[in-house]
Amino acid sequence: MADHLHGQAPDGDGRRAGLVGGGAGGGGDLEIKEQDRLLPIANVGRIMKQILPPNAKISKEAKETMQECVSEFISFVTGEASDKCHKEKRKTVNGDDVCWAFGALGFDDYVDPMRRYLHKYRELEGDRAAAAASSRGGGPGPGGDHHPGSTSSAGAGPSAAAGHFMFGAAMDRPDNTSSRPF
């Protein structure tokens, strides 16, 4: 597991986007502007509201706490995926790298749902590319709609559509101990 510092590349040179020079010593007080570090709070609030009953309210403190948590989580997982790419001398982090990072960081319960989501996403992207090509009068292009790195996913059929958009009926399992007081 890598130790990731906010706003610094894994090798500590601080070349990530959105960095603002700080500190008079020229040393290392680099910081990221908050608007570049955090997801927009309105988007976080909308996502939170989707799971709650219509009459439920969400405090500003709850939204801000969730905003910090999800932004940190994204940075944490992406940093691990980026380290893998760096070791493999690749510059582009892809969906398979993110799925790998979930497992490497101990989020094993998320690996299969993310792989299913990635597979569905790639299928839809292939359908869109094929539709765009046919509207231009061409075919699906070289290689058809095959997506490198995509995996087959048993269980991604109609039953996965029930419940949460990504986790399907797993959110409603009896062993899911999340308590919703509403």
Side-chain angles (χ1 to χ4, degrees), residues 1-20 22 28-52 56-88 90-122 124-125 149-151 153 155-156 160 163-173 175-182:
M1 214 179 324
D3 182 22
H4 300 287
L5 302 174
H6 280 298
Q8 291 189 356
D11 59 359
D13 69 358
R15 286 184 287 178
R16 289 199 178 151
L19 293 178
V20 182
D29 275 20
L30 293 176
E31 63 183 66
I32 299 175
K33 291 185 276 183
E34 188 167 294
Q35 69 190 35
D36 293 333
R37 187 176 67 84
L38 300 174
L39 292 173
I41 194 125
N43 294 359
V44 172
R46 273 194 294 277
I47 293 168
M48 291 173 74
K49 202 145 181 65
Q50 288 175 356
I51 196 72
L52 298 175
K57 304 280 189 227
I58 305 170
S59 72
K60 181 180 178 187
E61 177 189 46
K63 289 178 195 175
E64 289 174 352
T65 301
M66 185 62 75
Q67 180 188 38
E68 287 280 345
C69 289
V70 298
S71 298
E72 179 64 25
F73 183 75
I74 290 168
S75 295
F76 184 54
V77 174
T78 303
E80 189 71 11
S82 176
D83 288 351
K84 177 182 188 277
C85 292
H86 181 71
K87 288 175 188 166
E88 295 175 2
R90 293 186 292 119
K91 293 183 178 184
T92 304
V93 174
N94 63 38
D96 294 311
D97 298 322
V98 172
C99 291
W100 175 88
F102 276 122
L105 294 169
F107 298 110
D108 299 321
D109 291 345
Y110 292 92
V111 175
D112 287 339
M114 287 299 295
R115 287 206 184 280
R116 284 193 302 272
Y117 178 82
L118 182 59
H119 181 75
K120 288 276 191 198
Y121 174 80
R122 287 175 173 163
L124 289 172
E125 287 298 304
S150 65
T151 58
S153 55
H164 189 271
F165 82 97
M166 190 168 97
F167 298 101
M171 295 298 285
D172 299 323
R173 288 189 323 228
D175 63 333
N176 181 3
T177 58
S178 67
S179 60
R180 294 185 208 154
F182 298 103

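Nothing fancy with the numbering, it's 1 onward along the sequence.
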Distance (rounded to the nearest 0.5 Å) between [X] [atom1] and [Y] [atom2]:
{"X": "Ile47", "Y": "Ile51", "atom1": "CD1", "atom2": "CD1", "result": "11.5 Å"}
{"X": "Lys91", "Y": "Ser82", "atom1": "NZ", "atom2": "OG", "result": "12.5 Å"}
{"X": "Cys99", "Y": "Met114", "atom1": "SG", "atom2": "CE", "result": "5.0 Å"}
{"X": "Ile41", "Y": "Met66", "atom1": "CD1", "atom2": "CE", "result": "11.0 Å"}
{"X": "Lys57", "Y": "Leu52", "atom1": "NZ", "atom2": "CG", "result": "11.0 Å"}

Non-neighbouring partners of Asn94 that pass side-chain hydrogen bond (donor to acceptor under 3.5 Å, both in side chains), sequence neighbours left out: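 Scan of Asn94 (side-chain hydrogen bond (donor to acceptor under 3.5 Å, both in side chains), adjacent residues dropped) gives none.
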
For Phe73, check ring pair (Phe, Tyr, Trp, His ring centres under 6.0 Å) against everything at least two apart and list the hits.
->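 Partners of Phe73 by the ring pair (Phe, Tyr, Trp, His ring centres under 6.0 Å) criterion, ordered by chain and then number, come out as Phe102, Phe107.
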
Using every non-hydrogen atom in the two residues, find where [X] and [Y] come nearest and quote the distance to one decimal.
{"X": "Gln67", "Y": "Pro40", "result": "NE2-C, 4.0 Å"}
{"X": "Gly95", "Y": "Arg122", "result": "N-NH2, 4.5 Å"}
{"X": "Ala81", "Y": "Ala101", "result": "N-CB, 3.8 Å"}

Residues which pass side-chain contact (heavy atoms from CB on, under 4.5 Å) with [X], listed by chain and number, not counting sequence neighbours:
{"X": "Thr92", "result": "none"}
{"X": "Leu39", "result": "Val44, Val70, Ser71, Ile74"}
{"X": "Gln50", "result": "none"}

Practice problem: Output yes when Arg37 and Glu72 qualify as a salt bridge under the 4.0 Å nitrogen-oxygen rule, no when they do not. | Solution: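 Salt bridge absent between Arg37 and Glu72.
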
Checklist entry - Are there more than 12 heavy atoms of other residues, nucleotides or ligands under 6.0 Å from atom CD of Glu88? => result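 Atom CD in Glu88 is packed in, count exceeds 12.
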
Take atom CE of Met48 as the centre, draw a 6.0 Å sphere, and report whether it contains more than 12 heavy atoms from other residues, nucleotides or ligands.
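Result for CE/Met48: enclosed.
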
inquiry  = Checking Lys60 now: which residues fulfil salt bridge (Lys or Arg N to Asp or Glu O under 4.0 Å) with it, not counting sequence neighbours?
reply    =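 For Lys60 the salt bridge (Lys or Arg N to Asp or Glu O under 4.0 Å) partners, ignoring immediate neighbours, are Glu64.
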
* Counterpart residues, salt bridge (Lys or Arg N to Asp or Glu O under 4.0 Å), relative to Asp97 (two or more places apart) ->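 Checked Asp97 against salt bridge (Lys or Arg N to Asp or Glu O under 4.0 Å); matches are Lys84, Arg90.
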
query = For Arg46, does its backbone N or O pair with a side-chain atom of Lys63 as donor and acceptor, under 3.5 Å?
reply =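 A pair under 3.5 Å: no.
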
